[in-house]
Every structure is written in C-alpha cells, then in structure tokens.
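All values below come from the heavy atoms of this structure, side chains included, with hydrogens, waters and symmetry mates left out. Naming: A, B, ... by sequence-line order, numbering from 1 per chain.
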2 protein chains.
Amino acid sequence: MKKRLSISDIAKNLGISVTTVSFILNDKAKEKRISDALTHRVLDYVKKVGYKPNQLAKSLRTGKSKTLGLLVEDISNTFFANIAKQIEQRAYDHGYHILYCSMNNDVNRAKELIQLFHDRQIDGFIIAPTEGLSEVIHNLLKNNVPIVLFDRFIEDLDTNYVVSENKQGAYMGSKYLLEDLKATKVGMLTINSGQTQMRSRLDGYMQAMDESGRDAVIKKIQVDQPDDVTIDLVRDFIVDNKLDAVFFATNYIAIAGLKAIKKYKLNIDKIVSFDDHAIFSLFQTPVTSLAQDIKSISDHIIQILISEINGKGKEYQHVVIPCELKVRT
Amino acid sequence: MKKRLSISDIAKNLGISVTTVSFILNDKAKEKRISDALTHRVLDYVKKVGYKPNQLAKSLRTGKSKTLGLLVEDISNTFFANIAKQIEQRAYDHGYHILYCSMNNDVNRAKELIQLFHDRQIDGFIIAPTEGLSEVIHNLLKNNVPIVLFDRFIEDLDTNYVVSENKQGAYMGSKYLLEDLKATKVGMLTINSGQTQMRSRLDGYMQAMDESGRDAVIKKIQVDQPDDVTIDLVRDFIVDNKLDAVFFATNYIAIAGLKAIKKYKLNIDKIVSFDDHAIFSLFQTPVTSLAQDIKSISDHIIQILISEINGKGKEYQHVVIPCELKVRT
DNA sequence: TTGAAATGATAAAACCTTTTAGCAAAATTA
DNA sequence: TAATTTTGCTAAAAGGTTTTATCATTTCAA
C-alpha cells in the first residue's frame, strides 16, 4: 500500500515548484504566465502517474467542501427517495457530493444535523423544512450559507425555494372529481400540519368546493399515530359523511385510505391523491393522482444552489412547478 | 459573520499551548498528565464559547474523514431507500456521515464514483455490488479499504458481506405455495442476472420443486426493457404454462407481474414475492412476501464496517439474515 | 543530599493544498 | 544605453488540526 502522491512529490520529481504545479492544475497557467511547454509537461506527468489532489487539503485551504447537504423528513418515502436520486445525479455532474439525512420529525435531531453539516463546511443546503426549523435556517441565512428549500417553504423566511403548484394541483384534482366524475360529496383527508404545501392543497380543494357550491368536508389526521388508528379514522370519515369521493392530500395518507377501503370494503370509487405512487394504478379502484415533476424540481434546486454558491444570483428565487393530473379509470 | 474560533484562539485566550488544548479535547488529558484543574478550565471555556473543531483539518491530519460511502443500484428503489435510512441513523450514532450514490446499472459510472469516493478519503464502503465491479473492489481491498458488501456478494472476492437467507427464503415461499396453497404448477419469474442473491433464490425454488416432484418453470426477464414489454412477457409466461401460482424473485418484478394480472385479468391468486412492498397488502389478490430484515441487515453492516475501521475484526465476516414469510390471504 | 523518576506542560513538524508577494531575466521602450 | 515592462517562475504563509520529542520542575528513594 504505497503512499499517495502529493503535489510536492510531483513538483520534486519534475524539478519545479509546488506553486507552479498548483497553478497549472487549477487552470491558471495562462493567467499566471506559465509557459505552454511546462504546462504540458506537468499535465502529461500528472496524467501518467494518476495524481489526484487531496480534496481534504483543498477544502481546508479554500473553505469549499464540494459537498451539499440534503435534509428531508424521511429518505425512505418514495417522493424524497426519488428527489434524492435526481439531485444526486445533477450534483455529481457539477462535481458535488451529497450528504443526506432523515430528520424523522425530530426537531432537535434536525437542528443538530444542520449544525453538524455546517461544521463540516458544507457548501449548501437542500432542505424540506419542518415547522420548528425556522430559527436554525435563519441563522444559516445570516451566515450567508446557500440554501434551497423544497416541497414547502417557511413563510417568514426570505430565501430560495422550489415547490409544486400545490393549490392549482389540488384545485384541478377536486374539479376532476366534481365535474368529470360528477361527485356530489367530496371529502379531503389531510394532515394536521401547518406546512405550506398542505395549506395550499387545502386552499385548492376549498376553492373548487366553493365554486361548485358544495360543502367542504375535511379531516386532518395525525402523522405519527399507529396505522390501524388512522385506518379506522378514514373509514369513519367516509362513512359518517356519506362521501362518494375523496381527495387524499399526500401519498401516505392515500395508502392508509386505500387500506381502509379494502379492509372495510367501502363503496367509494372516486379517488384522487396528491403525489403519484406505484400502488395507484394497481388498486382495485384506480386512483387518479397529481404527480409532481420530480425531475424539474430537482433540476431547479441544483441550478439555484450551484449558482448561489458560485456567487451568481443576487435575488432569492421562488420556483413553482406545475403538477400533472394522471387520470386513471 | 465572525470567523470561527480555532484551537489556537482557544489556546491564546487561555494563555496555554495548542497542544494542551488538543490533548484535552481528545480525551488524552489523563494519559498526557494534564492537571485536572486545567482540564476543567479548558473544557468549561470550550463549552462556553461553543468551539467546534474543524473537521476538515482534523481529517487532513488523521487521514480519517468520518464519512462512509453507500453505493447502490438505485436509491429510489424502496429496498435500498429503506436500507439507506437505517444505515444513516446507525452511522450518525457512531459519528459518521454518509455519502451515497446510485450506480444505475452503469459500470463505468460506478467505477468512477468508487474512485471519487476513495479520493475523498472515505473511511469505508457499503456496496450492493454489480457484476462488473469485481476488479475495482478488489483494488480497494488491496489498499486495505474497509468494505462491506450487502444484498449480494461477489464469488471470487474475499471480503465482508451481509445478505439475506435467500435460498432458504425462496424455499419457504415455494413450499408455502405448494403445500399450504396446494398449488400444482408454480412458475418463477426472475431476472437475467448472475448476482448471487438471484441465484440463491432460484436454488431455493428449485429445491422445493425437486422435493415435490413438480417441474420447475422459469422465466428470466431483462431489467432494462420497457414496462409494457415486461408486462406482456409475464402474461405469456403465466398463460402459456397454465400456471396456478407464481413466485416473483424481487419486488419490482412482482409489480410488473401485478400489472399484467390486472391488465389482462389473469386468473391467478397464489402469489409470493421476494421483498415486501406496500402494494402487496393492497392488491386485489393479496401477495405473500418474503420480507428482508432491513433493520438487522443495516445493523450488521454498520457494526462490521465500524469495527473494521477501528482495526478490530481480523477476519472477514459473512452474515446471513433470515427472511420472514409474511402470509397474506 | 543526590540522582532518578514522575509531573505538567509545550514547540515544532506534519498533513496537503492555495495564494500572496516577489524575484531574476528577458524584452521593450525612450 | 538606461529605464521600464513583461515573462516565467517560486518561497513562504496560511488553513486548523494531531502528534512527536523535549524540557523544566517537583517528588521520591536511597
């Protein structure tokens, strides 16, 4: 196991100075007036011996780690896992690596992790923020750390974000139930969270209800309760309100809903859910969904973050990406 | 945005040497005979000013980055996403961060990424290896880089691995179809891959078939072909062979299978799949599955890797974790 | 009382880069 | 020809840690 070559080994072997090698390797040969002949000699030698700069030393000196932090609620959730995959691809294209973590609804853990990432000189953060994080994110912003929020944003925090067109999407979905499927009693199942995307989805639903003159029927469930409790709540909600259609605000609520429908043989066949999921095309009664454009979301996140890291982009950017109504019958 | 404190700031402010502070911070006070009084003075001061050591400098000096690399086929696949979540938790508990990437069935990309991670002084690798990676992994091993393979291993590569009890699981699943469900014609759908886990699952199925005196009926499909092609192949397989039961070798094959069953209204209700998936309990005909013990797999991976990093564990470890047959009716 | 051992601390090197400031020689200008 | 500018390169500092080797003092044993 031979020791890795360092830049000073290169310099020594070539009989020139470390500085010169560094300049050449960092594409500053022209700017620093290194002769073409020497430049090529160094480049050739470096390629021949397969020298790779020590990224740690580089980072220590420059303060740039070429690493981004991705913080989500739960990396095993399909939506976040898919985002993670796209983000990673784009990031590597730009020479960045990704550190990730799941916050698991634990504000203290989240704060600790953000601090930890920051201590590691992470160059930028990609965060699906939860409510308790306002302050710690605010601190990052004060320190000029590049950040892009996604999936939702935080109202009183002026920063970049990339979200889906949640209100419009929910409006489309609700309209679809009311007008295309001629539903007469449409309920919405959502979670008890003040997160912006949830509020927007509720707004979209409400607007569609208002316009149609129908009553809104809404139930908010708790995210952290046991599955079977949720399932029973869903049944009660559908049965008690005599619903003939239901709009699920996220894919995991929808899954609980489908479990209830199957378990209690509920007779309801007009279903829309936010977020697409492989299950939806396979369930006995097909579920129409509002698919978020994960590719576009990821592209925007990386583009905004990288350009902010590179010192471009003066203004904070707010990007809103349309959803696609995937009709299933 | 005030500059972060360094260890030399601490030393200066306290009127002592950097060395002393470093010893105290690294729990070497006793060993290096620093007085209790001074030790406490330093610790108190460090806590008061909230000093955090620069991890980059630390890594540069020690050669340890406190980072692990996780390489999987596709981080958006539920199995890998779930593993990723568990691994991450465990890793953070030990003070390690995780860099991840999806290899996407692209050997060159995979090699490049492994090299990239290695250049970043990653302390250890967690890899679900594909066939072309034998050589590059072999090189890592020669350089004494700690590695744990999981999900599958590579035959001619002597190293740590953690896999599920694939053969026994497939045997159980096949027996269940044959004996409990009284199936008479059981087909196996798998992929055209020589990966060890696939071969073991095939072996388990074969053994059950042999013991029962039934013919084995096997189709291998290609992973990278379009969904609808796969779906049609599945239908042909089931119909042409007049199967009354089918064993899917992975969850994503199973999903294609379920799509075929739904699309062509195939009359088959004895189904087992390797890997659990939320869909399986919701499909019109319930799918019994062989659930891998993701928690146990992850625990073992981290435990083996960390102990190898810490120089314990002389011998390579081979861990085989039982699967659970999740019967659904 | 003396020599040896233990105590409590530290200076400086090392890890590997980037970058600032500067130097000698060659080329250009006046 | 003398003064100035350009060319081509480099020494050394800086970034923040860990670790080796060493050095005064103090304590102890003989």
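We find that CG of Leu56(A) is positioned 11 Å from C1' of dT17(C), with the value rounded to whole Å. Nucleotide dT10(D) holds its P atom 8 Å from the CD1 atom of Ile34(A), rounded to whole Å. Residue Lys12(B) contributes atom NZ, which lies 12 Å from atom C1' of dG16(D) at whole-angstrom precision. Look at NZ on Lys32(A): it is 12 Å from C1' on dC9(D), rounded to the nearest Å. One atom, NZ of Lys52(B), and another, P of dT17(D), lie 13 Å apart when rounded to the nearest Å. Protein atom CD1 of Ile24(B) is 12 Å distant from nucleotide atom C1' of dT10(C), rounded to whole Å. For the pair Leu25(B) CG and dT19(D) P, the interatomic distance rounds to 13 Å; values are reported in whole Å. Rounded to a whole Å, the CD atom of Glu31(A) is 10 Å from the P atom of dT20(C).
Nucleic acid contact for Lys30(A): none, since no nucleic acid atom lies under 4.0 Å from a heavy atom of the residue. Residue contacts for Ser6(B): at a heavy-atom cut-off of 4.0 Å it reaches the sugar-phosphate backbone alone, with no base atom in range. Residue Leu38(A) is in sugar-phosphate contact alone, with no base atom involved, counting any heavy-atom pair closer than 4.0 Å across all strands shown. Residue Thr20(B) is classed as a base contact, given a heavy-atom separation below 4.0 Å to a base. As judged by a 4.0 angstrom heavy-atom cut-off over every strand, Lys64(A) is placed among residues making no nucleic acid contact. Among the atoms of the strands shown, only primed sugar atoms or phosphate atoms (P, OP1, OP2) are found under 4.0 Å from some heavy atom of Ser35(B).
Aromatic ring centroids of Tyr100(B) and Tyr100(A) lie under 6.0 Å apart. Between Phe153(B) and His318(B), the gap from one ring centroid to the other reaches at least 6.0 Å.
In terms of polar N and O atoms assigned as donor or acceptor, the side chain of Arg33(B) comes within less than 3.5 Å of the base of dG8(C) in a complementary pairing. At a cut-off of 3.5 angstrom, counting only N and O atoms as typed in the model, there is a donor on one side and an acceptor on the other between the side-chain of Arg61(A) and the base of dT18(C). Judged by distance alone, with hydrogens and angles left aside, Thr19(A) brings a side-chain donor or acceptor within reach of the base of dA11(D), the pair sitting under 3.5 Å.
Between atom CZ of residue Phe117(B) and atom CD1 of residue Ile127(B) there is a gap of 9.5 Å, rounded to the nearest 0.5 Å.
Comparing dT19(D), dT18(C), dT17(C) against the side chain of Thr62(A) picks out dT18(C) as the nearest. Comparing dG16(D), dT18(C), dT20(C) by their closest approach to the side chain of Asn26(A) singles out dT18(C). Relative to the side chain of Ser17(B), the nucleotides dA11(C), dT18(C), dT17(C) differ in distance, and dA11(C) lies closest. Side-chain atoms of Lys58(A) lie closest to dT17(C) of the nucleotides dT17(C), dT19(D), dT20(C).
Both Leu60(B) and Lys28(B) lie near DNA chain D, and the one whose nearest nucleotide falls closer to the 5' end is Leu60(B).
Salt bridge present: Arg109(B) and Glu88(A) bring a charged side-chain N and a carboxylate O closer than 4.0 Å.
In this structure, Lys28(B) fails the cation-pi test against Phe23(B), since its NZ or CZ atom is not both closer than 6.0 Å to the six-membered ring centre and inside 45 degrees of the ring normal.
Between dG16(D) and Tyr51(B), no contact under 4.0 Å exists linking OP1 or OP2 to a side-chain N or O.
A heavy-atom distance below 4.5 Å is found between the side chains of Ile297(B) and Gln292(B).
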